[in-house]
**Q** 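Encoded as structure tokens, here's the structure I'll be asking about.
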Amino acid sequence: MLAADDHGYEAVRRSELPLDTVELARRLIGKVVVRATSEGVLSGRVVETEAYPVGDAAGHAYRGETSGNRALFLCRGHAYVYLAYGAHYMLNVSSEAAGVGAGVLIRALAPLQGMEMMQRNRRIESLRDLTRGPGRLAAALEIDRRLDGVDLCRVGPLWIARGCREAPEVGASTRIGLSKATDRLLRFYARGDRFVSGPKALNR
DNA sequence: AGTGCGATTGACT
DNA sequence: GTCAATCGCACTA
């Protein structure tokens, strides 16, 4: 079996993650999400994120800490995983200092490793549809509530590696799928990347 | 205890 | 383009 760190990446250091939620969302573009399972390693390069900063009415931490959103209040670099629409898991990275509730939603990846396993997990062939969208990438990488609270700065079942390539040009837009706080430019994406989700108009 | 509503997706007109 | 599926949680009573 391939070890999680065999491809030469190392886990991001917490100290290199910006404290600020919006800065973190921008900086995560180009990093690599790695999922190590007993069956093999699945990974993808982050091409799209959304920031849910402190005081954001659309953020899950807006009404304070609960049993469900506890992970959002961990120090930056921990996983917050929740179920949306009763069907799809969403992977977030906690941001800010310990005790402060905020995070970054990972909206899309460009698949790197374990594509065949992802195709089985998603029951589709199309490479482009494998991890384009937050629910899709969670299904492809077998991410669910069991990974809630995991430290993404340590090599383990789910972690984030420093990208090896140069950081791409990053575009900004409004966020997708919200009914409140829709105005701010809190969505970030790798410009021109075919694995970015959302309508063309938001991806210029 | 009951109600309403999503940080979405896939199937279908 | 439209629309239903489906579950946890916040909110009301």
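Any value given below was found using the heavy atoms of this structure, including those in side chains, with hydrogens, waters and symmetry copies removed. Chain letters run A, B, ... following the sequence lines, proteins first and then strands; every chain starts at 1. Worth saying up front: this structure is predicted, and the values here are computed from it rather than measured.
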**Q** Measuring from the side chain of Y82(A) (C-beta onward, heavy atoms only), which nucleotide among dG6(B), dA7(B), dT9(B) has the closest atom?
**A** dA7(B)
**Q** Go ahead and name the base partner of dT6(C); Watson-Crick or wobble counts if both distances stay under 3.5 Å, otherwise write none.
**A** none
**Q** Return the nucleotide paired to dA7(B): Watson-Crick means purine N1 to pyrimidine N3 with N6-O4 or O6-N4, wobble means G-U with N1-O2 and O6-N3, both under 3.5 Å.
**A** none
**Q** Does R63(A) place a side-chain N or O at less than 4.0 Å from the phosphate oxygens OP1/OP2 of dC11(C)?
**A** yes
**Q** Does the distance from a Lys or Arg side-chain N to an Asp or Glu carboxylate O, for D183(A) and R175(A), drop under 4.0 Å?
**A** no
**Q** To the nearest Å, give me how far apart NE2 (H60(A)) and C1' (dC11(C)) are.
**A** 16 Å
**Q** Can you measure R123(A) atom CZ to dA11(B) atom P for me and round it to whole angstrom units?
**A** 12 Å
**Q** Any side-chain N or O of R122(A) less than 4.0 Å from the OP1 or OP2 oxygen of dG10(B)?
**A** yes
**Q** Is it true that a side-chain atom of D148(A) and a backbone atom of V81(A) form a donor plus acceptor pair closer than 3.5 Å?
**A** yes
**Q** Roughly how many Å is it from CG in L83(A) to P in dG8(C), rounded to a whole number?
**A** 7 Å
**Q** Checking all strands, does R136(A) fall into the base, sugar-phosphate, or nothing category for heavy-atom contacts under 4.0 angstrom?
**A** sugar-phosphate
**Q** Taking the same atom, P, in dG4(B) and in dA4(C), what whole-Å distance lies between them?
**A** 16 Å
**Q** Does any N or O in the side chain of R35(A) come within less than 3.5 Å of the main-chain N or O of I143(A), such that one atom is a donor and the other an acceptor?
**A** no
**Q** Is any side-chain nitrogen or oxygen of R145(A) closer than 4.0 Å to OP1 or OP2 of dC7(C)?
**A** no
**Q** Are the aromatic ring centres of Y82(A) and H60(A) under 6.0 angstrom apart?
**A** yes
**Q** Strictly below 4.0 Å: does T66(A) bring a side-chain N or O up to OP1 or OP2 of dA10(C)?
**A** yes
**Q** For the side chain of I176(A), starting at C-beta, report the closest nucleotide among dG6(B), dA7(B), dT8(B).
**A** dT8(B)
**Q** Nearest whole angstrom, please: distance from the P of dA7(B) to the OH of Y52(A).
**A** 7 Å
**Q** To the nearest angstrom, how far is H88(A) atom NE2 from dG10(B) atom P?
**A** 7 Å
**Q** Calculate the interatomic distance between I124(A) atom CD1 and dT9(B) atom C1'; express it in whole Å.
**A** 11 Å
**Q** In this structure, how many angstroms lie between the P atom of dA10(C) and the CZ atom of R70(A), rounded?
**A** 12 Å
**Q** Please work out if A58(A) contacts a base, only the sugar-phosphate, or nothing of the nucleic acid, heavy-atom cut-off 4.0 Å.
**A** base
**Q** Provide, to the nearest angstrom, the distance between the CG atom belonging to L105(A) and the C1' atom belonging to dT8(B).
**A** 11 Å
**Q** Could you pick out which residue, D129(A) or L178(A), lies toward the 5' side of DNA chain B when each is mapped onto its nearest nucleotide?
**A** L178(A)
**Q** Could R122(A) and D129(A) be called an ion pair, given the rule that one side-chain N must be under 4.0 Å from one carboxylate O?
**A** no
**Q** Closest nucleotide of DNA chain C for A87(A) versus for S67(A): which of these residues is on the 5' side?
**A** A87(A)
**Q** When you check the gap from the basic side-chain N to the acidic O, do R162(A) and E10(A) get nearer than 4.0 Å?
**A** yes
